[in-house]
Amino acid sequence: MSSFKFYKPDNMEDLLKVKEELGGRALILAGGTNLLIYIKEGSIREGTLVDIKSLKELKGISGDNGYIEIGAGVTIAEILESPLLNDRVPFFTDTLKNFANPLVRNMASLGGNIADASPIGDTIPSLLVLNGRIKAACLKGERSVPLDRLFKGPGESNLKPDEVIRTVQFSIPERGKGTFIKLGLRNGTSCSVTSVAVWLAAEDGRVEDIRIAFGGVAPIPLRLKKTESLFKGEKLDEEKIRALSGEIDKEISPITDVRGSAEYRKQVSVRLLSRAVRICMGMEE
Amino acid sequence: MKENFSIIGKRLGGLDEKDKVLGNVVFADDFVMPGMLYARVFRAEKASAKIKCLDILRAQSLPGVICVLTADDVPHNESVKNVVGQTTEVGLLEAKHQVLVKERVRYWGEAIALVAAESPDTACRALELIEVEYEDLPAVFDPLEAMKPDAPKIHGDNNIIASWKLRKGDAEAGFAQADVIVENTYRTPRQEHAHIEPESGVSWMDDMGVINIRYAAQVIEHYRDIATVLGIPESRVRVIGTLIGGGFGGKEDVTVEVFLALLTWKTGRPVKLTYTREEMGYGRHKRHPYVLKYKTGATKDGKLTALEAELVSDAGAYVYLSPWVLVYSTVHSTGPYFIPNVKVDASSVLTNNIMSSACRGFGGMQVAFAYESQMDELAEKLGMDPLELRKKNFLKRGDITASYQEITSEVLLEEAARKAKAALGEKGRGSKTKKIGHGFACSWQSYGRMTYLHDTSSCWVNLEMDGSAVVRTGIPDLGGGQRESVRAITAEVLGLKLEEVHVISTDSQVTPLSGTVTATRALYMSGNAAKLASENVRKIIVEEASEMLSAEPERLNLKDKTVYSVDEPSKLLPLVDVIKRCAAEGKVPQNLATFKAPFTEPITTDIIKDPVFPDFTFGAQAAEVEVDLETGKVNILKWAAAHDVGQAINLNRVEGQIEGGAVQGIGFGIMEDYLEEEGVPLTWNLHDYIIPTSKDVPDIMSIVLQSKSGKGPFGAKGIGEPSISAAAPAIVNAIKDAVGIRIYHIPATPERIFLALQE
């Protein structure tokens with residue numbers, strides 16, 4: 001049977017003190033869209049709910065010189081409504097248009113989607129191709145962790161028990177175009193079967209830079225650096241894109257679950273990558 | 001009855017809608033009583049096992065726990081019912097059920113014990129303290145395997161619990177005449193009802209020693225089952241039905257009422273029991289999954305010559321309504337077509353899967369997927385337009401079906417299909433990777449219960465001194481406006497406004513029993529009963545007024561609380577004056593009427609060769625879909641649904657039923673499937689069991705046809721279930737049109753379509 005305490009820190013320092021004291025038993029409650037489900041289904045049965053919804057230090061979206069910083073407590077809806085982000089990096093806001101449903105988007109925070117460390121967290125593939133980093137804070141100070149080194153396995157990250165995500169940052173690439181494709185079994189309130197984000201910069205049809213990240217094809221959201229290296233420098237046509245996309249086979253290891261078989265995920269991921277590259281190349285809407 | 005309706009057929013704002021939107025309705029779980037206990041059900045986590053040891057001592061001794069009940073505490077734990085109309089040659093004659101598991105668990109989620117405690121938390125904690133030691137027993141999960149002689153037996157010595165057949169003409173000879181034959185095997189999913197409101201209720205013992213249960217019930221007559229389990233007179237059990245937040249057949253079999261009654265009977269205290277969403281998944285029945293083998297033949301002119309089909313339904317671990325669901329499948333298996341030679345063999349088979357029972361469509365929907373896929377495939381082979389082929393074979397009024405029933409109402413299938421197709425307009429253009437297709441399907445579905453069940457429905461109507469009316473009807477309102485229809489019909493007949501009619505409904509000791517809200521029977525049965533009772537009251541008024549006005553009673557009409565002569569409208573009387581005079585003369589303007597459906601004799605052989613249903617509703621739905629060649633995902637772009645409802649009572653509600661049926665049918669067609677692995681449920685919440693959202697369905701274009709030829713009030717037909725069946729085949733036919741592949745196993749998930757595209 002569950003038993004929980006509740007605590008509402010007044011400021012960041014207060015929050016970090018609680019984290020220092022309780023570690024993993026301090027359950028960060030931002031939107032609660034994951035946490036409350038874990039509690040209800042019994043996978044978390046005790047601890048102190050630490051309500052950070054009103055902490056100003058975790059809010060705010062800022063950016064200059066192509067550098068964006070988003071507070072971990074910013075909600076998905078706030079990101080979608082941000083004039084700054086819609087103007088400077090519409091790729092990222094587009095990513096979130098099919099995130100769960102309006103009710104969840106109003107509650108769920110960006111930091112929470114990352115900290116949950118789900119292989120299908122819908123904010124993560126896009127942040128991975130933006131070379132996103134998080135700032136993890138504890139009483140002793142802060143450290144910056146690249147997202148592609150944050151995740152260990154389903155629900156597991158390299159955050160230490162006394163750390164919280166304070167902000168998420170990325171630089172907007174100077175050149176190129178990004179796209180995010182999510183495949184769900186339905187159009188609303190849908191978990192991804194797989195998802196792919198691609199950022200691509202090309203000159204005369206030749207790839208100068210490409211970044212590829214997937215959700216749902218491995219125990220963690222994944223940057224596919226080997227496949228990226230194969231694309232780099234290549235002159236792309238549809239056939240070439242198809243052939244190179246097929247190379248992800250060696251980097252991904254999807255599982256079978258109620259949403260799809262491993263084999264389907266493998267094959268459909270190849271096609272989603274092809275499509276994403278074609279879109280970035282302007283070959284398709 | 002006059003032809004110009006004041007209320008019937010209009011767009012009516014039901015009086016309960018505002019209350020529902022504002023949250024004023026006291027639904028089952030909203031109800032509380034002083035001193036109320038909270039109940040939970042302890043359920044098996046094995047699909048097939050013997051209980052070696054059940055330890056409830058720790059749970060019982062938890063402070064706040066008032067009682068823990070097991071099978072030993074249930075006066076009549078096991079029940080046996082004969083399956084009506086099955087012969088001894090068929091196999092098992094008896095349907096065995098147990099309230100709580102006595103010794104043997106037959107499916108994962110079966111109820112073993114009941115807990116009642118002072119708080120919901122304590123009840124929940126008590127569940128964790130109950131310990132069971134199991135011994136695994138052999139199990140079978142595939143219905144085709146379960147039919148084999150050496151398969152583990154779920155009950156008795158035969159897993160086949162029902163078999164029905166159609167035999168008409170000579171199928172072999174029919175195929176010999178065919179120029180084209182299409183033969184396929186189809187599979188349909190285990191659909192969850194997914195109603196918004198969980199199974200829920202509150203029970204208490206009143207000061208006269210009657211056990212009251214106020215709960216979300218499609219069948220208030222279950223008070224009889226409660227009395228049987230407790231071994232007390234039926235008159236000591238009272239069921240009060242609430243307005244229901246959806247049921248779709250999920251609240252047709254017994255849900256919480258027997259558990260609640262047992263706990264109140266044991267403790268003497270009020271008890272609440274509301275299922276969790278997860279429990280609604282693994283503790284409640286689903287739609288029967290079917291395997292359907294179809295062989296259909298036609299001449300090159302497009303005349304159907306023969307149908308041969310084998311249907312197998314997975315009944316799960318208990319019989320419940322499976323034999324009746326199978327009757328529906330068998331009768332409807334031909335589709336709404338005249339086929340001279342028919343041979344259909346249908347079986348329902350027990351397995352260790354979750355039980356299957358009633359679900360909107362009741363066996364009429366799985367076969368629609370098969371027969372409408374067959375029609376399109378035949379049309380393709382014949383190089384014929386799919387609607388042209390169907391037109392050559394549609395049943396007509398006066399035709400005799402393969403179950404030897406005459407069609408006695410209009411069949412507007414051609415008009416329905418034509419209008420639904422036309423509503424789609426021009427086909428979208430699609431792209432290199434996303435292809436667009438159009439498809440449609442027709443369907444038929446009976447309304448009203450099987451006639452050998454001798455269905456009746458009663459209603460009482462009374463005019464008050466001020467001219468307002470009170471109606472008592474037992475019919476539950478499932479959310480479809482069943483109660484509101486009774487109100488509208490009474491108001492129409494008595495010339496009153498809707499708000500001048502008060503309807504008291506759904507109380508087994510206060511309202512005349514009107515029967516179940518199942519089988520698309522509510523409007524047909526309780527609507528006819530309300531009309532009959534209202535007309536009898538009207539007759540009392542009109543006869544009295546005819547004396548007062550010196551006019552022929554047939555030439556008098558009631559409108560706006562006035563009785564007037566249709567020949568001389570200036571000759572009129574206020575309704576209240578007539579009522580007052582009635583009262584003075586001891587003529588009470590009230591009536592208790594009972595409407596009887598046609599009665600037939602029970603089926604005495606396994607071959608169905610007599611009429612089984614009062615009548616049928618016909619319709620067609622059409623879809624425009626977009627299929628993503630690279631992912632297999634289907635998007636529904638446009639949807640049109642045309643159904644002949646005979647006579648709409650409230651056009652808004654009719655469209656609501658059509659839209660709801662289409663959406664639920666779309667879910668069945670492309671995404672819904674309650675998955676189990678070796679009997680262990682995998683999709684027991686609405687996170688993993690997915691149903692369509694508002695982003696998955698376009699606006700439904702409802703086309704309401706009104707032949708006025710139905711058996712319901714004013715010529716109405718039922719529409720609750722008939723609106724669901726055509727959806728899945730319409731989608732599958734549209735997918736075929738878009739990308740050239742046919743899906744034989746629904747739901748047509750992205751993965752299934754993707755795999756089919758690779759072949």
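Values in this document were obtained by computation on a predicted structure and should not be read as measured data. Chain A is the first sequence line, chain B the second, and so forth, proteins listed ahead of strands; every chain is numbered from 1.
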Looking at [options], which has the largest count of heavy-atom pairs under 4.5 Å with chain A?
options: N685(B), T631(B), L755(B); result: T631(B)
options: T749(B), I691(B), V634(B), L629(B); result: I691(B)
options: K695(B), E751(B), K432(B); result: E751(B)

Checklist entry - Yes or no on side-chain contact (heavy atoms from CB on, under 4.5 Å) for I37(A) and H687(B), after CA distance, side-chain angles and deciding distance? => result CA-CA 11 Å; I37(A) 290 169; H687(B) 173 82; over 6 Å; no
Checklist entry - With a 4.5 angstrom heavy-atom cut-off, which part of L185(A) approaches chain B: side chain, backbone, both or neither? => result both
Next on the checklist: If I measure from the heavy atoms of chain A, does T276(B) come under 4.5 Å with its side chain, its backbone, both, or neither?
Outcome noted: neither
Checklist entry - Tell me, side chain or backbone of L686(B) under 4.5 Å from chain A's heavy atoms, or both, or neither? => result backbone
[range]: residues contacting chain B (heavy atom under 4.5 Å, by number):
range: residues 187-196 of chain A; value: N187(A), G188(A), T189(A), C191(A)
range: residues 98-119 of chain A; value: N98(A)
range: residues 251-279 of chain A; value: V258(A), R259(A), G260(A), S261(A), Y264(A), Q267(A), V268(A), R271(A), L272(A), R275(A), R278(A)

Checklist entry - Atom OG in S431(B), atom CD in E284(A): separation rounded to 0.5 Å? => result 6.5 Å
Item to check | Residues in residues 671-684 of chain B that sit under 4.5 Å from chain A, counting heavy atoms only | outcome: M671(B), L675(B), L682(B), T683(B)
Next on the checklist: Tell me if the NZ atom of K20(B) is crowded by more than 12 foreign heavy atoms within 6.0 Å.
Outcome noted: yes
Item to check | Within 6.0 Å of CD1 in I196(B), more than 12 heavy atoms from elsewhere | outcome: no
Next on the checklist: Between E128(B) and R45(A), does the salt bridge (Lys or Arg N to Asp or Glu O under 4.0 Å) criterion hold? Intermediate values first, please.
Outcome noted: CA-CA 13 Å; E128(B) 295 174 12; R45(A) 301 169 71 93; 3.1 Å; yes
